[in-house]
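Report on one structure; see the data block that follows.
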Amino acid sequence: NNPNEFTMGFGTKEKLPYPSVIHVKVDKIYDFKAGSKLFIRPRMYKLWQYKMKEDEKRMHDYYLSIPLVKTDTTVFYLPEGYSLESLPKDRNISFALGKYESHYWVDDKTRNIYSTARLVINSYKIEPSLYEEARVFFDQVIEDGNQKIICKNNN
């Protein structure tokens with residue numbers, strides 16, 4: 001979805017990693033609706049989207065662009081007349097070179113739905129012996145980002 005408002009800023013460049021902050025406001029946030037239900041992606045942008053090919057007999061290292069740390073906090077405001085029907089389950093997965101965790105919750109007082117995620121990859125080089133483990137790991141990260149928050153229009 002294209003944002004209605006978009007601002008981007010960068011933190012101090014005193015130490016690595018250099019943080020960047022993106023604030024996005026989107027009026028229509030759902031991917032699709034079915035009847036009175038709205039199906040919403042838990043994050044505006046995917047932390048990881050590259051599928052690794054199956055390769056049972058891999059003999060060479062697989063290279064990522066860089067080691068990385070990506071975090072995302074997305075907050076959805078639930079307007080009056082809407083209710084939360086379900087949230088994705090929290091995830092905590094890892095492999096030898098990285099880890100991923102996501103957490104979902106709602107604050108009933110503010111009517112905010114929160115989605116947080118953190119992806120840490122410690123090396124840009126994945127050795128052949130770790131390739132399959134990495135492939136499964138990244139598939140699970142993609143799968144988590146494809147889950148849906150389900151809200152209902154009560155009007």
Side-chain angles (χ1 to χ4, degrees), residues 1-3 5-26 28-32 34 37-78 84-108 110-151:
N1 296 337
N2 291 325
E5 294 177 22
F6 179 91
T7 59
M8 184 171 184
F10 298 93
T12 60
K13 293 184 177 180
E14 294 170 5
K15 65 178 186 173
L16 290 173
Y18 300 143
S20 62
V21 177
I22 301 170
H23 291 276
V24 178
K25 181 181 177 195
V26 179
K28 180 191 166 275
I29 60 168
Y30 58 88
D31 275 352
F32 63 94
K37 293 183 182 181
L38 305 176
F39 295 81
I40 304 166
R41 281 183 292 160
R43 283 172 281 294
M44 299 307 297
Y45 300 101
K46 296 179 181 189
L47 289 183
W48 190 263
Q49 59 187 350
Y50 308 106
K51 288 191 72 78
M52 296 168 68
K53 295 179 183 178
E54 287 189 39
D55 190 352
E56 294 176 13
K57 297 179 183 179
R58 185 154 191 99
M59 299 178 71
H60 301 287
D61 294 335
Y62 183 87
Y63 290 93
L64 302 171
S65 299
I66 54 172
L68 59 90
V69 175
K70 285 186 173 183
T71 61
D72 179 90
T73 299
T74 300
V75 181
F76 300 100
Y77 172 70
L78 195 59
L84 176 65
E85 192 154 295
S86 71
L87 287 173
K89 289 187 176 10
D90 293 351
R91 295 290 291 265
N92 192 346
I93 54 177
S94 62
F95 80 114
L97 301 176
K99 65 181 180 176
Y100 172 82
E101 51 193 17
S102 64
H103 182 58
Y104 308 93
W105 73 98
V106 64
D107 181 333
D108 292 322
T110 62
R111 301 187 53 80
N112 286 332
I113 300 169
Y114 293 88
S115 165
T116 62
R118 179 176 171 87
L119 173 64
V120 178
I121 305 300
N122 297 316
S123 176
Y124 69 94
K125 181 173 84 170
I126 299 172
E127 297 174 5
S129 62
L130 295 174
Y131 182 86
E132 180 60 18
E133 187 180 350
R135 187 188 69 75
V136 170
F137 170 82
F138 286 121
D139 282 354
Q140 290 173 336
V141 171
I142 291 169
E143 178 183 288
D144 185 65
N146 288 333
Q147 293 189 89
K148 302 291 184 235
I149 296 169
I150 303 173
C151 297

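No experiment lies behind these values; they were computed from the predicted model shown.
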Inter-residue atom distance [X].[atom1] - [Y].[atom2], 0.5 Å rounding:
X      : Y      : atom1 : atom2 : result
Arg58  : Ile126 : CZ    : CD1   : 9.0 Å
Ser86  : Phe39  : OG    : CZ    : 8.0 Å
Gln147 : Ile40  : CD    : CD1   : 14.0 Å
Ile93  : Ser102 : CD1   : OG    : 8.0 Å
Phe76  : Tyr30  : CZ    : OH    : 14.0 Å
Ile149 : Leu38  : CD1   : CG    : 11.5 Å

Residues Leu119, Leu68; criterion side chain to side chain contact (heavy atoms under 4.5 Å, CB included); working and verdict: CA-CA 8 Å; Leu119 173 64; Leu68 59 90; 4.0 Å; yes
Considering all heavy atoms of both residues, which atom of [X] and which atom of [Y] are nearest to each other, and what is their separation?
X      : Y      : result
Tyr100 : Arg43  : OH-NH2, 2.9 Å
Phe32  : Lys148 : CE2-CE, 4.1 Å
Leu84  : Ile150 : CD1-O, 3.6 Å

Check against side chain to side chain contact (heavy atoms under 4.5 Å, CB included), Asp90 and Tyr104: CA-CA 6 Å; Asp90 293 351; Tyr104 308 93; 3.6 Å; yes
Residue list, salt bridge (charged side-chain N to carboxylate O under 4.0 Å, His left out) with Lys99, at least two apart or on another chain: none
Counterpart residues, salt bridge (charged side-chain N to carboxylate O under 4.0 Å, His left out), relative to Asp107 (two or more places apart): none
Residues forming a ring pair (Phe, Tyr, Trp, His ring centres under 6.0 Å) with Phe10, sequence neighbours excluded: none
For Phe6, all residues meeting ring pair (Phe, Tyr, Trp, His ring centres under 6.0 Å), sequence neighbours excluded: none
Any side-chain heavy-atom pair of Phe95 and Ile121 under 4.5 Å: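 SC-SC contact between Phe95 and Ile121 confirmed.
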side-chain contact (heavy atoms from CB on, under 4.5 Å) partners of Arg111, counting only residues at least two apart: Tyr77, Leu78, Glu80
side-chain contact (heavy atoms from CB on, under 4.5 Å) partners for Tyr50, two or more places apart: Trp48
Exceeds 12 heavy-atom contacts within 6.0 angstrom, atom CE of Met59: no
Step-by-step side chain to side chain contact (heavy atoms under 4.5 Å, CB included) determination, Lys46 to Asn146: CA-CA 9 Å; Lys46 296 179 181 189; Asn146 288 333; 3.7 Å; yes
Set of residues satisfying side-chain hydrogen bond (donor to acceptor under 3.5 Å, both in side chains) with respect to [X], sequence neighbours excluded:
X      : answer
Thr74  : Asp72
Lys37  : Glu85
Asn122 : none

Inter- and intrachain pairs under salt bridge (Lys or Arg N to Asp or Glu O under 4.0 Å), touching residues 114-125, at least two apart: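 Residue pairs passing salt bridge (Lys or Arg N to Asp or Glu O under 4.0 Å), neighbours aside: Asp61-Lys125.
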Ser115 side chain vs Pro42 backbone, donor-acceptor pair below 3.5 Å: yes
Please output the side-chain donor-acceptor pairs of residues 129-143 that fall under 3.5 Å, not counting sequence neighbours, one pair per line with the distance.
| unit_1 | atom_1 | unit_2 | atom_2 | d |
| --- | --- | --- | --- | --- |
| Tyr131 | OH | Lys53 | N | 3.4 |
| Tyr131 | OH | Lys53 | O | 2.5 |
| Glu132 | OE1 | Arg135 | NE | 3.1 |
| Glu132 | OE2 | Arg135 | NH2 | 2.6 |
| Glu133 | OE2 | Ala96 | N | 3.3 |
| Arg135 | NH1 | Asp139 | OD2 | 3.1 |
| Asp139 | OD1 | Lys51 | NZ | 3.1 |
| Glu143 | OE2 | Arg91 | NH1 | 3.1 |

